[in-house]
Number of protein chains: 2
Amino acid sequence: MTELLWGSTPVPSRGPKPAVTLTGIAEAAIRIADAEGLDAVSMQRVADDLPVTKMALYRYLPGKAELIAVMTDLAMGTPPERPEQPWRETLHTWSMDLYDGFSRHPWLLLSTVGQRPIGPNEMSWIDRGIRALTGSGLSGSEQLDTIVVLTGHVRTLALQTTTMPGGRAGLTEEALLSSFTAMLTDHADRYPSLATALQTAEPDNQGLQFGLERILDGLELLITSRKGSASGY
Amino acid sequence: MTELLWGSTPVPSRGPKPAVTLTGIAEAAIRIADAEGLDAVSMQRVADDLPVTKMALYRYLPGKAELIAVMTDLAMGTPPERPEQPWRETLHTWSMDLYDGFSRHPWLLLSTVGQRPIGPNEMSWIDRGIRALTGSGLSGSEQLDTIVVLTGHVRTLALQTTTMPGGRAGLTEEALLSSFTAMLTDHADRYPSLATALQTAEPDNQGLQFGLERILDGLELLITSRKGSASGY
DNA sequence: GTTAACTGTGTCCGGTGGACACAATAATGT
DNA sequence: ACATTATTGTGTCCACCGGACACAGTTAAC
């Protein structure tokens, strides 16, 4: 599977011209997933959108898992270019860019779950994030862990707020709040702390920003403490 | 679907005794998911482990989605009782408890993705988390957002480190690191920042702790600033 | 004892991912 | 020009999935 994501297509010489390309297949799959959700992406459905039959797809892909992997990396794309800025601002916009990516292709939240090979585009996202932290004084592991925390938070919030065509997921914070409150009217006694918290809760849709600021605050604390103690290090 | 999770079973009077119970079905499904992964949980497979046929299950559940919902809430359980402590310590152990839960039932990471009804047990986890923040000076929304950040982080790390029987997911941090490095030996020039970060990276498996401390640090910063400015509020 | 409510079963359907044999095509070596 | 051969495209088949539905079996209430 790794070859499909990273390797170059070894243009064939003999035989009939291929009717489609790997990228073409992935693009068709992306169109379907965008419009009808990831569940709608089946080999048959993809083939229907191309001048080819279902089984012909297996000439380009070993199986569906590989299709998902390829379309995932393709849809992820590369992070947009941004002007140079201090690490905190850079990571902030980087996170927002990532969030936008998930908003554009909500099914990415489903296809990027579980063990899977990492494609070149996904790798470039990581690289860009790390770049913001070079010279921060953080160790390599800490830089990587930072990216993990940020992507995790962005994923979580995107999962809660984004609407998916396939029906799965997608609640605004208001809807989430109201469904909570509805559930609690019957069982307020079982969840006293949650009940009182909901009374003073406003649907501000600020979950993404809130968590982001907390994480960046905590990070800043660590970085400045490092800078302060070890000067020439 | 909500009734199944929250409502009580309206014990039937007439007719033959039910051969199984809803909880029994859910427990069987949990056993299968624990041993063979969530994908192995099919109506047929569950029925095979019980003294009923596949279609009999539909007498207890409208469909598979409901089965997943019920078994998810059941496997989630209630958070373990912990002695009273300051909010930071409480949230820390709460997060670790949650992580343990995901480790025990890795498929929860897959079944808790997307829009779905929230069960009573899951609700109790939220309530317990919120409880730690009562009296912290944070607003209801902020308390909820805090729980979101923490669960998100725990989920992310559990997803990366836990091994799933179904084959999906499950890399130790070492394995992740080595696969990264392997990928980069060929494309170090494309990802310069990541490459240098990996050189100084050690597989310490500290991702969970690192992120947790950052988040809690950021939170503490907010809480103390609130306490300092508005005294009697 | 009859009735009515409820549980359990067998059959059928469309859809899925995929194996495999086979037909069509086109560039190559002679 | 022609036969060779690698490669692509197709049709058929399979097991499995979730689920609809009609029907048989069981048991408590009247």
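The figures here come from the full heavy-atom set of this structure, side chains too, leaving out hydrogens, waters and symmetry mates. Chain naming here is simple, since letters A, B, ... match the order of the sequence lines and numbering starts at 1 in each.
- No salt bridge links A:Glu66 with A:Arg116; every basic N to acidic carboxylate O contact stays at or beyond 4.0 Å.
- B:Asp127 places a side-chain N or O within donor-acceptor distance of the main-chain N or O of A:Ser193, the cut-off being under 3.5 Å.
- For the 3.5 Å distance criterion, the side chains of A:Ser111 and A:Thr72 qualify, holding a donor opposite an acceptor.
- Side chain of A:Tyr191 to main chain of B:Pro120: a donor-acceptor pair is present (N/O by atom type, distance under 3.5 Å, no hydrogens or angles).
- Phosphate proximity of D:dG9 to A:Tyr60: present, with a side-chain N or O under 4.0 Å from OP1 or OP2.
- The two residues B:Gly101 and B:Leu108 make their nearest non-hydrogen contact at O-CD1, 4.2 Å.
- Between the side chain of A:Ser141 and the backbone N or O of B:Glu202, at least one donor-acceptor pair lies under 3.5 Å.
- A salt bridge is absent between B:Asp100 and B:Arg104: the closest approach of a Lys/Arg side-chain nitrogen to an acidic carboxylate oxygen does not fall below 4.0 angstrom.
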Please list, for nucleotides 3-5 of chain C, all pairs of protein and nucleotide N/O atoms separated by less than 3.5 Å.
residue	atom	partner	partner atom	Å
C:dA4	N3	B:Arg14	NH1	3.4

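- In this entry the distance linking CZ of B:Arg59 with P of D:dG25 reads 15 Å, nearest Å.
- Rounding to whole angstrom units, CG of residue A:Leu50 and C1' of D:dT10 are separated by 16 Å.
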Check: protein-nucleotides 17-20 of chain D nitrogen or oxygen pairs below 3.5 Å:
residue	atom	partner	partner atom	Å
D:dC17	OP1	B:Ser42	OG	3.0
D:dG18	OP1	B:Lys64	NZ	2.9
D:dG18	OP2	B:Met43	N	3.0
D:dG18	N7	B:Lys54	NZ	3.4
D:dG19	OP2	B:Lys64	N	2.8
D:dG19	N7	B:Lys54	NZ	3.2
D:dG19	O6	B:Lys54	NZ	2.8

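- Every residue two or more places apart in sequence or in another chain was checked for a side chain to side chain donor-acceptor pair (under 3.5 Å) with A:Thr156, and none qualifies.
- Listed pair B:Thr53 / C:dG8 fails the phosphate criterion, with no side-chain N or O lying under 4.0 Å from OP1 or OP2.
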